[in-house]
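Worksheet for the structure shown next.
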There are 2 protein chains.
Amino acid sequence: MDMDKPPRPERKDVFLNYKIWLSGLTGNGMVDDSTYMLLHLIGEKGSLKAAADEMKISYRKAWGDLEKAEEILGYALTQKHRGGKDGGSSILTPEATRLLEAYTALQQRFDDNVEEAFKEFISRLRQV
Amino acid sequence: MDMDKPPRPERKDVFLNYKIWLSGLTGNGMVDDSTYMLLHLIGEKGSLKAAADEMKISYRKAWGDLEKAEEILGYALTQKHRGGKDGGSSILTPEATRLLEAYTALQQRFDDNVEEAFKEFISRLRQV
DNA sequence: GGCCGATATGGACTTCACTTCATATCGAAA
DNA sequence: TTTCGATATGAAGTGAAGTCCATATCGGCC
């Protein structure tokens, strides 16, 4: 005869994800992971277009994201130059560099915490 | 005569936001804040429809979200009943209740951390 | 002084998630 | 046994965000 199935349900592998971002008072637009990547690549390549290409996003979006980010923070993140031999360039302001450094530390802090928090979460789920 | 503006740019108020969620291996669908709210309301109201109404989302979406959540976790979060005097009902499984408890603790932990991390982030930005 | 390629920006088109709509099923109670 | 309201689910409609496209501007360099 049949016995009841054990009450412990089979569980699948689950993953805890997180996302952090900065926003302004209006909530319109954000400075997120992708913005930081964009800034990082601008610093590396010296060009918004090159950064956008590298990220495989449209120049239009990259430009708009940067615009939003500067609007949210209230100061310039890049010095843009039009014309010239290479057509133009974008370089990071000192503020952008500092922002990247601060973000890296923040990111690290979260990564560490998330792993720990997830373990705790899972163990609570299993009703230890 | 004009003096140069001070190099310290004016800053606007910025806010650090975060979002956490669970996902499966496929990355298709998620268990997020809104899912937890949905579960919480189902527990409170005893009905998926009532919960959806309360959250002002369509029943279609609520139903789909619940489906996704159960698929990700690999076990049932609600016991559904069709027909009867009230047309039907949904009640939480013990697993769902445990999930809500574990999530509340996780949420709390993050809230605490985020506040602290944000302060650190801002102070780094200001180059103390 | 014309050329080239990046910055700059508006507008059309596409994508995708969510809402709406439509329709079926179920079962206790009157 | 008819009714009523929630569960269940596909399909069409809608809106916001992003991609594409088109076009203008700028300025070292040959």
Side-chain angles (χ1 to χ4, degrees), chain A residues 17 19 21 23-24 26-35 37-72 76-93 96, chain B residues 17 19 21 23-24 26-35 37-72 76-93 96:
Chain A
N17 312 274
K19 176 188 169 71
W21 70 97
S23 65
T26 66
N28 177 235
M30 57 172 70
V31 181
D32 65 0
D33 217 65
S34 145
T35 316
M37 176 58 74
L38 185 64
L39 287 175
H40 175 74
L41 287 172
I42 290 173
E44 202 169 280
K45 312 241 168 198
S47 147
L48 177 55
K49 182 180 190 311
D53 287 349
E54 182 74 21
M55 289 180 70
K56 295 186 204 303
I57 61 174
S58 63
Y59 175 83
R60 189 68 181 77
K61 174 167 162 54
W63 181 83
D65 286 355
L66 187 54
E67 196 81 352
K68 281 269 173 60
E70 296 186 330
E71 187 193 318
I72 288 171
L77 294 169
T78 55
Q79 261 185 36
K80 283 95 168 273
H81 303 283
R82 290 205 295 195
K85 179 183 159 201
D86 299 324
S89 64
S90 295
I91 63 171
L92 298 185
T93 61
Chain B
N17 312 274
K19 174 187 172 71
W21 71 96
S23 65
T26 66
N28 178 235
M30 57 172 68
V31 181
D32 65 1
D33 218 64
S34 147
T35 315
M37 176 58 74
L38 184 65
L39 287 176
H40 174 74
L41 288 171
I42 290 172
E44 201 169 282
K45 312 240 169 200
S47 148
L48 176 55
K49 181 179 190 311
D53 287 349
E54 182 75 21
M55 289 180 69
K56 297 185 203 302
I57 61 174
S58 63
Y59 174 83
R60 190 65 181 78
K61 174 167 160 54
W63 182 83
D65 286 354
L66 187 54
E67 196 79 351
K68 280 271 174 58
E70 297 186 331
E71 186 192 318
I72 288 171
L77 294 168
T78 56
Q79 261 185 37
K80 283 95 168 271
H81 301 282
R82 292 204 294 194
K85 180 181 159 201
D86 299 323
S89 64
S90 295
I91 64 170
L92 298 185
T93 60

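In the text below, chain A, chain B and the rest are named by the order of the sequence lines, each starting its count at 1. Any value given below was found using the heavy atoms of this structure, including those in side chains, with hydrogens, waters and symmetry copies removed.
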Report yes if the side chains of [X] and [Y] come closer than 4.5 Å at any heavy-atom pair, otherwise no.
| X | Y | answer |
| --- | --- | --- |
| A:Thr93 | A:Glu70 | no |
| B:Lys68 | B:Thr35 | no |
| B:Ile42 | B:Leu77 | no |

Counting only side-chain nitrogens and oxygens, does [X] get under 4.0 Å of the OP1 or OP2 atom of [N]?
| X | N | result |
| --- | --- | --- |
| B:Ser47 | D:dT7 | yes |
| A:Ser89 | C:dT7 | no |
| B:Ser90 | D:dA6 | no |
| A:Lys80 | C:dA8 | yes |

Expressed in angstrom and rounded to an integer, what is the separation of [X] atom [atom1] from [N] atom [atom2]?
| X | N | atom1 | atom2 | answer |
| --- | --- | --- | --- | --- |
| B:Lys68 | C:dC18 | NZ | C1' | 12 Å |
| B:Gln79 | D:dA6 | CD | P | 19 Å |
| A:Trp63 | D:dT25 | CH2 | P | 16 Å |
| A:Lys45 | C:dG5 | NZ | C1' | 16 Å |
| A:Glu70 | C:dT7 | CD | P | 13 Å |
| B:Asp65 | D:dT9 | CG | P | 15 Å |
| A:Ile91 | C:dA6 | CD1 | C1' | 15 Å |
| A:Lys49 | C:dA6 | NZ | P | 5 Å |

Contact class for B:Gly88 vs. all strands (heavy atom < 4.0 Å): base, sugar-phosphate, or nothing?
sugar-phosphate

Measure from the side-chain heavy atoms of [X] and tell me the nearest of [options].
| X | options | answer |
| --- | --- | --- |
| B:Tyr59 | C:dA8, D:dA8, D:dT19 | D:dA8 |
| A:Lys61 | D:dG18, C:dT9, C:dT25 | D:dG18 |
| B:Leu48 | C:dA8, C:dA6, D:dT7 | D:dT7 |

Closest non-hydrogen contact found for B:Thr78 with B:Leu92 is CG2-CD2, 4.0 Å

Mark yes or no for a side-chain to base donor-acceptor pair under 3.5 Å between A:Arg60 and C:dG10, with no hydrogen or angle criteria applied.
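Pair found.
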
On DNA chain C, more 5' by nearest nucleotide between A:His81 and A:Gly84 is A:Gly84

Please determine whether a side-chain nitrogen of the Lys or Arg among A:Asp33 and A:Lys19 lies less than 4.0 Å from a carboxylate oxygen of the Asp or Glu.
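Looking at A:Lys19 together with A:Asp33, the answer is no, because their closest N to O distance does not fall below 4.0 Å.
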
